[in-house]
Amino acid sequence: MKLFGTMKTNSEGVLEIGGKSVYELKKEFGTPLYIMDEAYIRETCKLFADNFKSSVLSTEVIYASKAFLNVAMAKLISEEGLSMDVVSGGEIYTAIKAGFPMERVYFHGNNKTRAELELAIEHGLGTIVLDHRQEIDTLEAMLKEKGKTQSVLLRVNPGIDAHTHDYIKTSKLDSKFGESIYDEDIYALTKKLSESDAFDFKGFHCHIGSQIFEEKSFIQAALAMVDFAVDVKEKTGVTVEALNLGGGFGVYYTEEDDPMELGAFLKHLVSNVESKLSEVGLPSLKIMIEPGRSMVSNAGTTLYEIGGTKETYGGKDYIFIDGGMTDNPRPALYSAKYEGAIANKMNEKSTRTYTVAGKCCESGDIIIKDIELPEAVPGDLLAVSTTGAYTYSMSSNYNRNGRPAVVFVKDGSARLAVKRETLEDLVRNDVL
Ligand SMILES: *Cc1c(COP(=O)(O)O)cnc(C)c1O
């Protein structure tokens, strides 16, 4: 298992994160447990802020909160001076509860409900990223009724196929998100946005996908967005003030993944946009990015207790853990792969091949297939690394399992960010 941030093996061969051994964490908080390495998250925030900057353009790093969000995380992002994007009323409400500066919030989504839009407008949420023409009409009517003006971006689809890094006009034109830049109506839409009293039109947004490793895909998309801004200026006279280039920067889960070196990549991205803008003669504008996964994934570890092992007649040997697809649905959802270790036997040789299975009533409840580990016995602790993104935020109560607690560890201390769900929590909304 690759160690990230402050993870290390102590003199007893036990995994430590943020200066806390997994034994201490288990004793204090129980298992399963989401452990977030706070110093490492803050370091990553700074890495983004320090490298995504320019002497000629203004820049903004927006954390895509759907990757991992709770009040503690929103406070951390606020303290680091970053902005945040949200995609639901629940995420907006979390930001409000955290006292997050609402002017630094961006609201995305292809079907924002009226109630969510109301909540956003009422709390002075900074920018709404409009997805399609019907939504433009709905929001305009709401704003006119209230006599308010709202900053907006329009999500567009630049037709980049990130996984083949092809710039193909015919691909990706049927996405559920955004309006295509190849649709001639886009000019009329832009003109409408810039002329309406209800909107303060800032520019365009794009997001080409997730867990992408190709620097070229991001740069092609950014350059396509600049070309599009030129096109819009020529056809409508509207000068774009901002381009939001989205997120999707790939991270390490296993040896199969080869992520970009983030600092260098961000510098290349900025310098490519700078040269392109001066080449096409557009005035300086603001560029934004929206990292989610790459901000938190490697900073998270899930700790489980091993309840037992099972040697099957068919030859497969299982390790059973006290969590599973409820706290990490990614392997079951899209065959995501993870690394792991027996956290109290970090220095022992791997002698066995196990499949790590959860406790849910579902054969697909497998967290890791075929992992080499030392001999496991009941009571051992299993650590699964790189679980900071899209695990807690995608967790469920399937089989009426309570969600684990979330702790932030740093400099030898641990603070509870989210309490473990109790049996009482599980029937909280049941009508008795
Ligand atoms: C999910 C999402 C992101 C973040 O994606 P990551 O792969 O987590 O970096 C950014 N912007 C938008 C609009 C998104 O939907």
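This is a predicted model, so every value here is computed, not measured.
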So, Thr31 side chain and Leu33 main chain: donor-acceptor pair closer than 3.5 Å or not? no

Given Ile17, which partner from the list Leu303, Thr301, Leu3 fulfils the side-chain contact (heavy atoms from CB on, under 4.5 Å) test? Thr301

Side-chain donor or acceptor of Glu91 paired with backbone N/O of Val87 under 3.5 Å: yes

Salt bridge or not for Lys276 and Asp227, using N-O below 4.0 Å? yes

Consider only side-chain N and O atoms of Asp380 and Asn344, and report whether a donor and an acceptor are under 3.5 Å apart. yes

Between Glu38 and Arg42, does at least one N-O distance fall below 4.0 Å, as a salt bridge requires? yes

Answer yes or no: is there an ion pair linking Glu305 with Lys26, defined by an N-O contact shorter than 4.0 Å? yes

Could you check whether Lys46 pairs with Glu80 (Lys NZ or Arg NE/NH1/NH2 to Asp/Glu carboxylate O, under 4.0 Å)? yes

Between Glu118 and Lys146 (salt bridge meaning N to carboxylate O under 4.0 Å), is one present in this structure? yes

Checking side-chain polar atoms at under 3.5 Å, does Tyr34 have a donor or acceptor matched by the opposite partner on Arg403? no

Would you say the side-chain atoms of Glu290 and His207 include a donor-acceptor pair closer than 3.5 Å? no

Taking the ring centre of each residue, are Phe249 and Phe218 less than 6.0 Å apart? yes

Has Glu424 got more than 12 heavy atoms of other residues, nucleotides or ligands less than 6.0 Å from its CD? no

Sorted by first residue and then second, give each salt bridge (Lys or Arg N to Asp or Glu O under 4.0 Å) pair with at least one member in residues 353-366; sequence neighbours left out. none

Any carboxylate oxygen within less than 4.0 angstrom of a Lys/Arg side-chain nitrogen, looking at Asp425 and Lys419? no

For residues Val407 and Glu28, determine if any side-chain heavy atom of one lies less than 4.5 Å from a side-chain heavy atom of the other. no

Can you name the residues that form a side chain to side chain contact (heavy atoms under 4.5 Å, CB included) with Leu119, not counting sequence neighbours? Ile92, Ile96, His123

Sidechain N-carboxylate O distance under 4.0 Å for Glu339, Lys2: no

If we only count heavy atoms from C-beta on, is the Tyr390 to Ser297 side-chain gap below 4.5 Å? no

Can a side-chain donor-acceptor contact be found between Glu16 and Ser21 if the only test is distance below 3.5 angstrom? no

Donor-acceptor contact present, side-chain Glu135 to main-chain Asp131, <3.5 Å: yes

Glu60/Arg104 salt bridge by N-O under 4.0 Å criterion: no

